[in-house]
Amino acid sequence: MRIVVVDPDACVACRDCEYACAFRQSGDFARHDSCIRVNFYAAERACVPLTCLHCAEAWCLEVCPSGAIHRDEQTGAVEIDAARCAGCKMCLSACPLGQVRFDAAEGVSRKCDLCGGDPACVRSCIADALQYVECDEAQEVA
């Protein structure tokens, strides 16, 4: 399985990853539709993109009462089927990284789906701060 890993020292805070993800998810460039967030820490002069790690033991998947959350067999991504999502928000509380968001307009939870194995955020990163690597390589890259 592959995941998106971040090199915060390389991030230039351009937010291209957020825009690319938002466009992939909604067809619009509204950053609130993005499943990756660039967090700014002014005092430390740091910016860190954060997204779902598609945990081996995915708590969001475990708590979903409607069975809307599943693991894609090909990519290994933990995905949400919006058609089955009951909007209970239990997955938001279960995620230890806070990487599930609630789409109030649609009444469903949303999270990174790895773009079917070709993450738009990684492709758009001008600084190579994001990489799509095998899980066992993640520690070496980070």
Side-chain angles (χ1 to χ4, degrees), residues 1-42 44 46-142:
M1 185 179 116
R2 299 176 78 181
I3 60 170
V4 175
V5 294
V6 176
D7 177 358
D9 292 331
C11 183
V12 296
C14 67
R15 292 188 143 162
D16 283 354
C17 57
E18 290 179 333
Y19 292 115
C21 180
F23 188 77
R24 170 76 165 72
Q25 296 295 322
S26 68
D28 194 355
F29 291 104
R31 283 189 7 252
H32 67 269
D33 288 332
S34 177
C35 296
I36 188 167
R37 298 275 189 262
V38 178
N39 296 299
F40 294 94
Y41 304 94
E44 293 83 6
C47 44
V48 181
L50 295 175
T51 191
C52 179
L53 295 178
H54 303 276
C55 305
E57 186 179 330
W59 295 354
C60 60
L61 187 150
E62 298 296 325
V63 302
C64 182
S66 65
I69 303 177
H70 64 280
R71 187 174 301 276
D72 182 277
E73 290 181 21
Q74 290 189 324
T75 65
V78 177
E79 300 178 344
I80 299 174
D81 179 351
R84 294 187 67 182
C85 180
C88 69
K89 302 180 190 171
M90 288 178 65
C91 53
L92 276 75
S93 298
C95 179
L97 302 173
Q99 295 304 309
V100 181
R101 66 181 177 81
F102 189 72
D103 181 339
E106 298 292 323
V108 297
S109 293
R110 302 216 187 265
K111 61 178 288 310
C112 172
D113 59 5
L114 294 175
C115 297
D118 185 21
C121 59
V122 174
R123 282 187 283 115
S124 70
C125 184
I126 63 171
D128 291 326
L130 302 176
Q131 295 182 35
Y132 187 50
V133 300
E134 293 293 333
C135 285
D136 57 351
E137 298 172 32
Q139 191 169 8
E140 296 169 21
V141 173

With side chain to side chain contact (heavy atoms under 4.5 Å, CB included) as the test, would you mind laying out the steps for V122 and V4 before giving the verdict? CA-CA 7 Å; V122 174; V4 175; 3.9 Å; yes

With sequence neighbours excluded, tell me which residues meet salt bridge (charged side-chain N to carboxylate O under 4.0 Å, His left out) with D118. R123

Pairs involving residues 2-39, ordered by first then second residue, that meet ring-ring contact (aromatic ring centres under 6.0 Å, His included) (sequence neighbours left out): F23-F29

Nearest heavy-atom approach of S34 to C17 is OG-O, 4.4 Å

Looking at CD1 of I80 and SG of C85, how far apart are the two atoms once the value is rounded to the nearest 0.5 Å? 6.0 Å

I'd like to check the side-chain hydrogen bond (donor to acceptor under 3.5 Å, both in side chains) partners of R37; sequence neighbours left out, ordered by chain and number. none

Can you name the closest pair of heavy atoms from C11 and V38 and give their distance? SG-CG1, 4.5 Å

V6 and L50, any side-chain heavy atoms less than 4.5 Å apart: no

My understanding is that only residues two or more places apart in sequence, or in another chain, count here; which of them pass side-chain contact (heavy atoms from CB on, under 4.5 Å) with D113? Q25, E79, C115

Return the set of residues passing side-chain contact (heavy atoms from CB on, under 4.5 Å) with Q74 (not counting sequence neighbours), or none when no residue passes. D72

Going by the salt bridge (Lys or Arg N to Asp or Glu O under 4.0 Å) test, which pairs reach into residues 18-36, not counting sequence neighbours? R15-E18, E18-R31

Value rounded to 0.5 Å, distance of CG in L92 from NZ in K111: 11.5 Å

Taking ring-ring contact (aromatic ring centres under 6.0 Å, His included) as the test, write out the residues that go with F40, two or more places apart. none

Would you tabulate the side-chain donor-acceptor contacts of residues 52-68 under 3.5 Å, counting partners in other chains and residues two or more places apart, or write 'none'?
| unit_1 | atom_1 | unit_2 | atom_2 | d |
| --- | --- | --- | --- | --- |
| H54 | ND1 | V78 | N | 2.9 |
| S66 | OG | R84 | O | 3.0 |

Candidate pair L130 and V5, rule side chain to side chain contact (heavy atoms under 4.5 Å, CB included), full reasoning: CA-CA 6 Å; L130 302 176; V5 294; over 6 Å; no

Would you call V48 and Y41 a side-chain contact if the rule is heavy atoms closer than 4.5 Å? yes

Could you tell me if the side chain of D16 sits less than 4.5 Å from the side chain of C125, heavy atoms only? no

What's the separation between atom SG in C47 and atom CG in N39, rounded to the nearest 0.5 Å? 9.5 Å

One should read off an interatomic distance between I36 CD1 and C21 SG, to the nearest 0.5 angstrom, of 7.0 Å

Give me the atom names and distance for the closest heavy-atom approach of C91 to S109. SG-OG, 3.2 Å

Taking ring-ring contact (aromatic ring centres under 6.0 Å, His included) as the definition, give me every residue that meets it alongside F102, ordered by chain and number, with sequence neighbours left out. none

Where at least one partner belongs to residues 90-106, residue pairs that pass side chain to side chain donor-acceptor pair (under 3.5 Å), sequence neighbours excluded: D103-R110

